[in-house]
Every structure is written in C-alpha cells, then in structure tokens.
Amino acid sequence: MNYLADIRSRFARALAPLIDDPAPLVAMVHPAQDAKFGDYQANCAMPLAKALKKPPRDVAAEIISRLDIADLCDPPEIAGPGFINLRLKDSVLAADTARLVGDERLGIEPVAAPKKYIVDFSAPNIAKPMHVGHLRSTVIGDSLCRILRFVGHEVLSDNHIGDWGTQFGMVIYGYRNFLDQENFDQNPVEELARLYRLVHQIAGYQGAVVELPQLRARLSEKETAAKSMSEAAEQASGPEKKDLNRKAGKLRDEVAGVREEIAGAEDKIAKVESNPAFKALCDAHPRIADRAREETAKLHAGDEANRALWEQFMPICQAALDEMYRRMGIAFDLTLGESFYNPMLAGVVDDLVRRGIAVESDGAMCVFQEGKKAPFLIRKSDGAFTYATTDLATIKYRVETLKADAALYVVGAPQAEHFELLFATAKKWGYHLDCRHISFGSVLDENRQMFRTRSGGTVGLESLLDEAVTRARQIVDANHEEGELDDSARQVIAEIVGLGAIKYADLKHNRESDYVFSWDKMLAMTGDTGTYMQYACARVGGIFRKGETTRAAVRKSATGSADDIRFTHPAERALAMQIHRFGEVLAEVLVDFRPSPLTAWLYETANAFSTFYTHCKVKDEPDDAVRKSRYLLCDLTASALEKGLELLGIQVREQM
RNA sequence: GCGCCCGUAGCUCAGCUGGAUAGAGCAACGGAUUUCUAAUCCGUCGGUCGGAGGUUCGAAUCCUCCCGGGCGUACCA
C-alpha cells in the first residue's frame with residue numbers, strides 16, 4: 001500500500017478531463033513538506049491555472065470538485081496561492097495500520113515486473129589491505145542488493161576483484177626476494193601484504209629518485225614562467241591586465257603544486273636514506289617496478305612458476321577478504337575477478353576489430369566515440385589488454401551467460417568517463433544490458449583533498465571497524481551496571497553498534513557528494529546515527545520486557561480491524577503515518593539507486609517513536625484499548641526500523 | 001585547452017520533477033529524569049543558499065556569464 005501512489009492516481013482521473021497530459025501535474029502531488037499542511041499536498045493548480053487562464057484558487061476548487069477522494073481523506077483544503085492540502089482520515093489510517101500488524105513486508109507489494117540485476121560492487125585489489133576508500137562501494141552496493149531483492153527483483157551480487165594486475169607482480173617479486181618464511185607460515189596474509197608494501201615502497205623510492213631532478217627542472221621552468229607572466233601583467237592594463245593576472249595566478253598555483261610533489265619525493269627519499277640497511281636493499285634491487293611488471297607479464301603469458309604462485313596466493317587473499325565481508329555481514333553471489341575474464345579478452349578484441357568497431361591508433365587498439373576525444377583503449381601497443389577489455393568481456397558474459405537485464409556498477413565518480421565509453425562501446429557491439437554507473441563521491445581528508453594511497457594517509461578498514469567497536473563498547477559499559485549484561489552480550493552489542501554507525505554514516509550522505517572523512521563523525525553515536533535507530537528498537541524491547549509481554553503475544557491479540565488502533569495523542573498518529581511512508585521511500589530510493597532517502601526515513605521514524613515514547617506511556621496506560629493500540633504501534637515501529645535497517649545491512653538487538 | 005562535478009548555518013550535510021516563513025545532526029546555550037533505557041526529549045542561538053544577470057505568478061532548484069575548489073583527459077586498474 002502506498003498512499004502517495006493511490007492519491008496520485010485519483011488526481012490523474014480528476015485532471016484527465018482538464019488537460020491533455022496530466023502526468024507532469026500528477027507528479028506534483030507530494031508528501032506535505034510540513035505536518036501543519038496535512039499529510040499530502042498537490043501543487044498542480046498553479047501551472048494548470050496558467051494553461052486554462054483562470055485564477056489558481058478557482059482551478060484548485062475545480063480539481064477538488066472532480067476529485068474522488070472522500071473515502072480516503074478529510075475534505076481537501078485550498079491554501080495560499082492554490083495549494084491543495086490533504087489529510088488522511090484517521091479511520092483509514094487506523095484501519096490500514098491495524099492491517100500491517102504481523103505483515104513481514106509492511107504492506108509493500110513485490111514489483112509487478114521483476115528484473116535480473118547484477119550489482120557490481122566493492123571490487124578491492126587483492127593482496128592490498130582494504131581501506132576507507134573501499135567502504136562506500138561496499139556498503140552502498142550491499143544496500144542496493146538488499147533493497148532490490150526486497151522489492152522483488154532477482155539480484156546477483158558480484159565482486160569484480162582485482163586479481164590479475166600489477167600488484168600481483170609486486171607480490172611475486174617480493175616473495176622471491178624478501179620472503180620471511182616463518183612469518184609466512186604463521187600469517188600468510190600479513191606476510192603477503194608486507195611484501196606488497198615493501199616492493200611498493202622501494203618502487204616509490206626509486207621512482208622519486210628518478211623523478212626528483214625532473215621535478216626540480218619543471219619547478220624552475222614554472223617559476224620563470226610565473227615571474228614573467230606577473231611582470232607582463234604589471235606592464236599591461238585594462239582587461240588584458242586582468243587576464244594576465246589570472247594566468248599568473250594559475251602558474252603560481254602550478255608552482256605550488258610542483259613544490260608539493262618535490263616535498264613528497266624528498267620525503268620518500270629521506271625516509272629510505274636515513275636507514276642505511278633499507279637503502280642497501282633498494283640499491284640491491286634496481287628498477288624494481290619494471291621487474292615486478294615483468295613478473296606480471298610472465299603470469300599473463302602463462303609462466304608456470306608464476307601461475308603456481310598465483311594459485312597459491314589467491315585462496316589466502318580471498319580468505320582474508322571473506323573474513324572482512326563476514327564481519328560486515330556482506331555476501332556475494334559471485335566473485336568473478338579480472339582473472340576470470342582473462343581467457344575471453346583476445347576474443348573480445350578480435351570481434352570488435354572484425355566488426356570494424358575498434359581501430360588501430362598509435363599501435364594501440366581503440367574504440368572511438370563521436371563527440372569524445374579520448375579513445376576507449378582495448379589493447380595497448382605492447383599487446384596487453386586493459387581493464388576496458390575486461391569490462392567488455394564482463395558485459396558479454398552478463399548478457400549471454402548470466403542472462404541479466406541490468407547491471408549496476410557501484411564505482412567512484414572519477415570513473416564516469418570510463419563507464420560512458422564502456423556502455424557506449426557495448427551498445428555498438430550489440431550487447432544490450434541496462435548498465436548504470438552508480439557513481440559516488442570521493443573520500444576526502446580533513447583538508448578536503450582526496451585520500452591518496454601513495455600519500456600514506458589512508459585509514460585501514462579493519463582498524464576503522466575495530467575503533468568503532470571499541471567506542472561502542474565504552475558506551476555500553478557506561479550505560480549498564482555490573483552484572484546487568486554479561487561480557488559476550490556487551491561485545492555483540494558493541495559490534496553491531498560500531499558497524500552500524502559506520503555503515504549509516506556512509507549511507508546517509510547523498511552518494512554523489514564527496515565525503516569528508518572524520519573519525520569522530522564516522523563513529524558518532526548520538527543524533528542522526530545508526531545508533532539512534534538501534535536504540536529506538538532497544539527501547540521497544542524494554543517496553544515489552546518491562547510490560548511482561550511479547551511482540552508475538554501482542555500481535556496474536558490483534559483483530560486486524562480499525563478498532564485495534566486508537567489515536568489519542570498526535571504522536572500516535574504521526575508515528576503510524578510515518579510507518580506507512582515506507583513504500584514511498586523505497587520507490588524514491590529506486591528512482592536513482594540512492595539509499596539516502598531510506599536513512600532519512602529511518603531517522604524520522606525513530607524520531608517519531610522517541611516523541612511518542614516521551615508522551616505516551618504504554619505499560620502504565622490505564623485504558624485497555626489504548627494500551628493495546630500502543631503496544632501494537634511499538635511492535636510495528638520495531639518491525640519498520642528493523643526492516644529498514646536490514647536493507648542498509650545494519651543489525652539490531654532488543655537490549656543495548 | 002577540453003569534459004564532468006561541487007560551492008546552502010561555526011562544522012558535516014539534506015533539500016525529491018521550480019512552490020508556502022530554506023531543514024537536520026554536531027557544536028554552543030537553557031530546560032526536562034519518583035514512572036517503559038537520558039545512546040533520549042523540548043527549547044534558544046545561528047543562513048547575502050559563492051557572485052551577477054535572465055526565465056517564471058513563484059528560483060537553493062532551470063538558463064547565461066563570472067569567482068572559487070575538485071576530478072578526469074590513450075597505453076595503471
């Protein structure tokens with residue numbers, strides 16, 4: 001049941017005789033922006049008045065006269081310039097609320113035409129530990145899977161892991177040259193990660209040594225250019241002066257940028273050279289990046305030794321990822337990484353060339369799109385395939401083998417252009433999959449700069465989760481007397497509260513916006529946080545515990561008729577209304593695959609409950625019918641919050 | 001140079017396809033607990049919606065220009 005959809009269809013019927021295409025006007029029926037305007041508002045009388053050349057309030061009156069809605073709402077009111085305000089009849093709301101009792105789906109009908117969705121998310125590079133940058137894709141992707149499934153679609157979650165790239169060459173090189181066998185035997189994942197970091201660091205140092213003179217040369221070049229531009233600006237006047245000043249300013253910015261790069265390179269070099277042993281290690285392994293690339297190339301070419309190492313390392317790395325996903329409550333139906341598509345890549349390129357879609361340019365095989373300067377590069381001049389090739393093979397596989405209707409790519413915004421080219425190329429190629437890039441903003445540091453793996457400032461995902469759980473545990477301990485909850489119960493609560501805080505903090509942002517990472521904001525447990533909803537559920541739990549009844553018993557006593565639900569205080573009605581908005585919110589989420597409206601609804605629902613909680617006693621309410629009604633509202637609130645949180649991948653406990 | 005995105009309260013952000021006095025949370029300040037968990041509730045303070053034009057009965061929202069910031073821009077994925 002969805003009141004908004006119902007009211008809109010009634011408006012469609014009322015508007016049909018008045019205008020050729022009522023759809024845009026029908027879309028102007030919304031939930032009321034303020035409770036004092038009622039439950040729903042229609043803003044369509046004003047534009048219609050213009051088309052009909054009549055006063056808007058008269059048009060509003062005419063719409064109302066044609067509107068068949070008396071069974072659902074109180075008589076509509078015209079307000080201001082011609083807003084039509086609607087308020088649901090209390091009897092209707094009470095009856096519909098009573099009907100929700102015990103309904104697992106909270107009145108949400110499954111979609112009429114289910115589709116098969118592939119949701120492609122998380123996609124970490126194997127052999128590299130996950131960090132906060134992986135959080136958004138993982139959490140948003142998981143939530144979208146849950147929501148799509150709940151509304152009745154068929155969903156395959158797919159982790160397109162990076163298991164075939166340069167980082168594996170680094171690990172192989174490290175394994176051959178720097179292995180600590182004892183450490184590897186005890187903790188292979190940690191040792192492989194150490195080897196990766198070590199090779200990466202040596203490569204970074206060597207790169208910096210090579211780059212530094214070039215950077216210094218560029219600096220003096222830019223400085224000279226900036227100086228002469230400033231001087232030229234001094235000489236000039238009028239609009240020319242302004243323009244030259246702007247250019248000089250840009251050049252000064254570039255100078256500052258190069259200075260930063262130099263500082264970064266010097267830092268890398270200083271770190272190594274202050275440690276003679278490490279310096280010797282670097283010198284003993286010259287051009288390590290090239291040598292790691294050679295290992296990668298050998299792996300791709302089918303070298304048996306490297307292939308054997310890859311097969312040895314893969315399950316180890318996968319197990320580490322699995323543990324992280326298990327802890328986060330995230331499950332994949334498929335984990336088809338880059339290596340899975342490797343055997344198909346040559347065929348992809350051949351096919352595109354044969355059809356004349358791909359052409360050679362500067363030795364590389366490219367697909368060019370009209371209006372786009374950048375090519376889609378499917379084979380490099382050295383013969384190696386790129387992730388573009390892999391992504392094309394993936395689409396083919398998803399269409400032909402998985403029989404998917406649609407694919408959601410939950411990947412950061414910087415890759416927007418890649419996906420535009422990918423989807424356009426796939427279309428030319430003849431694979432019609434409804435592909436959508438579910439883009440999200442970058443994780444920024446406190447200076448609003450992008451987190452960069454090389455700048456070293458990243459926060460590991462595991463330490464983030466641990467910190468959240470530790471903070472949650474402190475709050476649990478502070479809120480309970482000794483003996484009130486045992487240690488294991490406290491730890492379970494800390495885990496779900498900590499993880500819930502992190503997931504909620506991420507999901508409540510509009511996914512398109514960038515994300516300023518802050519430990520305190522990410523781990524906050526007061527205000528608009530996951531904890532707030534979990535706490536509301538725990539308070540419901542407390543009501544039933546202290547009331548010495550159970551949710552099941554209360555449901556059993558319900559008759560399902562309007563008489564079950566009584567509105568004796570505004571907070572009761574507001575709470576019931578809020579629960580009924582669930583369907584509207586899910587529809588809104590799925591328009592653009594944005595989970596944030598769902599977090600907003602959860603907060604509003606928990607907030608409505610908190611208000612109810614302070615004003616309406618349940619256990620001690622003397623009137624039997626009212627008390628029963630309140631118990632039912634509590635049960636429904638908990639069901640609504642639990643379901644909404646579940647769709648975000650957040651758990652609850654009856655006590656916390 | 002070209003392309004894409006962003007600029008809303010001290011901070012972090014909502015604001016749906018143009019609608020009523022621009023909303024939350026945090027922070028600050030003031031209240032609320034003999035009664036179901038105060039991880040709460042109620043209130044106060046706080047905004048030239050980056051700037052200027054334009055379209056409109058009506059603009060944070062749409063268009064143009066400007067300022068400021070970010071990202072991408074052929075052999076990394």
Side-chain angles (χ1 to χ4, degrees), chain A residues 24 27-28 30-31 33-34 36-37 41 43-44 46-47 49-50 56 79-83 85 123 125 162 164-167 246 293 338 361-366 368 371-382 384 386-388 390-391 412-418 420 439 441-442 444 448-450 472 475-476 478-480 497 505 508-510 512-516 518 520-521 524-529 531-532 534-536 538-547 588 591-592 594 596-597 599-600 603-604 606-607 610-611 613-621 630 634 655-656:
Chain A
M28 295 178 80
H30 293 294
Q33 58 176 10
D34 191 312
K36 72 184 169 202
F37 299 136
Q41 64 181 56
N43 304 339
C44 52
M46 284 85 79
K50 201 174 163 189
F83 296 102
N85 290 335
N125 266 315
W164 199 245
T166 29
Q167 77 284 354
R246 252 189 57 201
R293 256 194 293 280
E338 293 164 351
S361 169
D362 286 350
M365 207 49 82
C366 303
F368 288 92
K372 288 275 168 192
K373 247 165 112 185
F376 197 54
L377 212 154
I378 58 171
R379 195 176 67 205
K380 301 194 282 182
S381 50
D382 67 2
T386 71
Y387 78 133
T390 312
D391 282 353
Q415 300 212 42
E417 199 166 20
H418 165 73
E420 260 180 65
S439 159
S442 309
L444 307 179
R448 294 199 141 265
Q449 299 297 311
M450 269 182 88
I475 298 174
V476 174
N479 281 288
H480 291 284
V497 169
K508 84 168 175 158
H509 292 93
N510 185 333
E512 308 272 12
S513 330
D514 286 346
Y515 190 115
V516 175
S518 140
D520 285 333
K521 294 230 155 67
M525 289 169 199
T526 59
D528 183 6
T529 63
T531 312
Y532 183 76
Q534 291 169 323
Y535 182 61
R539 287 175 126 187
V540 172
I543 288 173
F544 283 97
R545 233 178 3 261
K546 293 282 167 63
E588 198 186 335
V591 169
D592 285 316
R594 293 180 305 132
S596 54
T599 65
Y603 180 71
E604 284 155 20
N607 195 219
S610 293
T611 303
Y613 186 89
T614 47
H615 292 107
C616 305
K617 294 302 150 197
V618 180
K619 167 169 74 74
D620 298 327
E621 166 59 40
R630 288 180 179 173
C634 287
Q655 197 174 0
M656 62 186 266

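Excluded from the calculations below are hydrogen atoms, water molecules and symmetry mates; all remaining heavy atoms, backbone and side chain alike, are included. Lettering of chains follows the sequences in order, A, B, ..., and the numbering in each one begins at 1.
- Put simply, the side chain of T386(A) gets close to the backbone of L377(A): a donor and an acceptor are under 3.5 Å apart.
- Residue A413(A) is out of contact with every strand shown, counting any heavy-atom pair closer than 4.0 Å.
- The interatomic distance linking D592(A) (CG) with C5(B) (C1') rounds to 16 Å, in whole Å.
- Formation of a donor-acceptor pair under 3.5 Å by the D514(A) side chain with backbone atoms of G441(A) is not found in this model.
- When heavy atoms are screened at a 4.0 angstrom cut-off, Y532(A) is found touching the sugar-phosphate backbone but no base atom.
- Here A77(B) is the nucleotide among A74(B), A77(B), U35(B) with the atom lying nearest to any side-chain atom of Q415(A).
- Checking the phosphate oxygens (OP1, OP2) of A14(B), no side-chain nitrogen or oxygen of S596(A) falls inside 4.0 Å.
- Base contact: Q655(A) has a heavy atom under 4.0 Å from a base atom.
- Between G43(B) and G3(B), the two P atoms lie 49 Å apart (nearest whole Å).
- Put simply, Q33(A) has a side-chain N or O that comes within less than 4.0 Å of OP1 or OP2 on A20(B).
- Summarising the base pairing, A38(B) is matched to no nucleotide, lacking a Watson-Crick or G-U wobble pair whose two defining distances lie under 3.5 Å.
- Rounded to an integer number of Å, the gap from R293(A) CZ to A77(B) C1' is 13 Å.
- When the P atom of G19(B) is taken as reference, atom CG of D34(A) falls 15 Å away, rounded to whole Å.
- Contact between the side-chain N/O atoms of S513(A) and the OP1/OP2 oxygens of A14(B) is found at a separation under 4.0 Å.
- Within the nucleic acid shown, S361(A) comes within 4.0 Å of at least one base atom, counting heavy atoms only.
- Minimum interatomic distance between T611(A) and H615(A) (heavy atoms only, all atoms of both residues): O-ND1, 2.9 Å.
- Ring planes of Y532(A) and Y603(A): tilted class, angle from 30 to 60°.
- Distances from the side chain of M656(A) to the nucleotides A39(B), C36(B), G15(B) place A39(B) closest.
- No side-chain donor-acceptor contact under 3.5 Å links D592(A) to the backbone of R594(A).
- With C13(B), C41(B), G72(B) as the candidates, the nucleotide lying closest to the side chain of H509(A) is C13(B).
- What you find for P47(A) and N43(A) is that their closest heavy atoms are CD-O, 3.5 Å.
- Nucleic acid contact class of A600(A) (heavy atoms, under 4.0 Å, all strands): none.
- Here A79(A) lies in heavy-atom contact (under 4.0 Å) with a base.
- Rounded to an integer number of Å, the gap from CD of E512(A) to P of G7(B) is 12 Å.
- Summarising the base pairing, U55(B) is matched to no nucleotide, lacking a Watson-Crick or G-U wobble pair whose two defining distances lie under 3.5 Å.
- Residue P375(A) is in base contact, counting any heavy-atom pair closer than 4.0 Å across all strands shown.
- Annotation: G18(B) and C57(B) have their P atoms spaced 15 Å apart (nearest Å).
- Contacts of V591(A) with the nucleic acid, taken as non-hydrogen atoms under 4.0 Å apart, are absent.
- Considering only the side chain of Y535(A), U37(B) comes nearest among U37(B), G72(B), U35(B).
- As judged by a 4.0 angstrom heavy-atom cut-off over every strand, N479(A) is placed among the base-contacting residues.
- If you measure from atom CG of N43(A) to atom P of G18(B), you get 11 Å, rounded to the nearest angstrom.
- Distance from the side chain of D528(A) is smallest for G25(B) among the nucleotides G25(B), U37(B), A20(B).
- Among the nucleotides G25(B), U17(B), U37(B), the one closest to any side-chain atom of A27(A) is U17(B).
- Counting heavy atoms from C-beta outward, E420(A) and K372(A) have side chains that approach closer than 4.5 Å.
- Nearest nucleotide to the T166(A) side chain, out of G19(B), C76(B), A38(B): C76(B).
- Of the side-chain N and O atoms in N607(A), none sit less than 4.0 angstrom from OP1 or OP2 of G25(B).
- Between V497(A) and A472(A), the shortest heavy-atom distance links the atoms CG1-CB, 3.8 Å.
- T611(A) comes within 4.0 angstrom of the backbone, heavy atoms only, and of no base.
- When distances run from any side-chain atom of T531(A) to the nucleotides A77(B), C13(B), A39(B), the shortest one goes to A39(B).
- In this structure, P56(A) and P81(A) approach most closely via the heavy-atom pair CB-O, 3.3 Å.
- Searching all strands for a Watson-Crick or G-U wobble partner of U61(B) with both distances below 3.5 Å returns nothing.
- Rounded to whole Å, the separation between the P atoms of C29(B) and C45(B) comes to 16 Å.
- Between G10(B) and C49(B), the two P atoms lie 13 Å apart (nearest whole Å).
- Residue contacts shown for R545(A) include a base, since a base heavy atom lies under 4.0 Å away.
- No N or O donor and acceptor, one from the side chain of D520(A) and one from the base of A27(B), sit under 3.5 Å apart.
- Here F83(A) lies parallel enough and close enough to stack on the base of A20(B), with planes under 30° and ring centres under 5.5 Å apart.
- Residue side chain Y387(A) reaches the base of A77(B) through a donor-acceptor N/O pair under 3.5 Å, judged by distance alone.
- Between U37(B) and K546(A), a contact under 4.0 Å exists linking OP1 or OP2 to a side-chain N or O.
- The nucleotide G43(B) finds its pairing partner in C29(B), both defining distances of the Watson-Crick or G-U wobble pair being shorter than 3.5 Å.
- For Y603(A), the side-chain atoms get nearest to G25(B) when compared with the rest of A77(B), G25(B), A38(B).
- Using a 4.0 Å heavy-atom cutoff across all strands shown, A538(A) reaches at least one base atom of the nucleic acid.
- At whole-Å resolution of the value, NZ in K508(A) and C1' in G15(B) are 14 Å apart.
- For P414(A), whose side chain is taken as the heavy atoms from C-beta onward, the closest listed nucleotide among A14(B), G72(B), U56(B) is G72(B).
- G50(B) and C11(B) have their P atoms separated by 14 Å, given to the nearest Å.
- R594(A) has a side-chain polar atom (N or O) that falls below the 4.0 Å cut-off from OP1 or OP2 of G15(B).
- Rounded to a whole Å, the CZ atom of R630(A) is 15 Å from the P atom of C36(B).
- In this structure, G542(A) reaches the sugar-phosphate backbone alone: every heavy-atom distance under 4.0 Å involves primed, P, OP1 or OP2 atoms, never a base.
- Interatomic distance, CD of Q655(A) versus CZ of R545(A), reported as 4.0 Å (0.5 Å rounding).
- Distance CZ (F376(A)) to C1' (G72(B)): 15 Å, rounded to an integer number of Å.
- When heavy atoms are screened at a 4.0 angstrom cut-off, E420(A) is found touching no nucleic acid atom at all.
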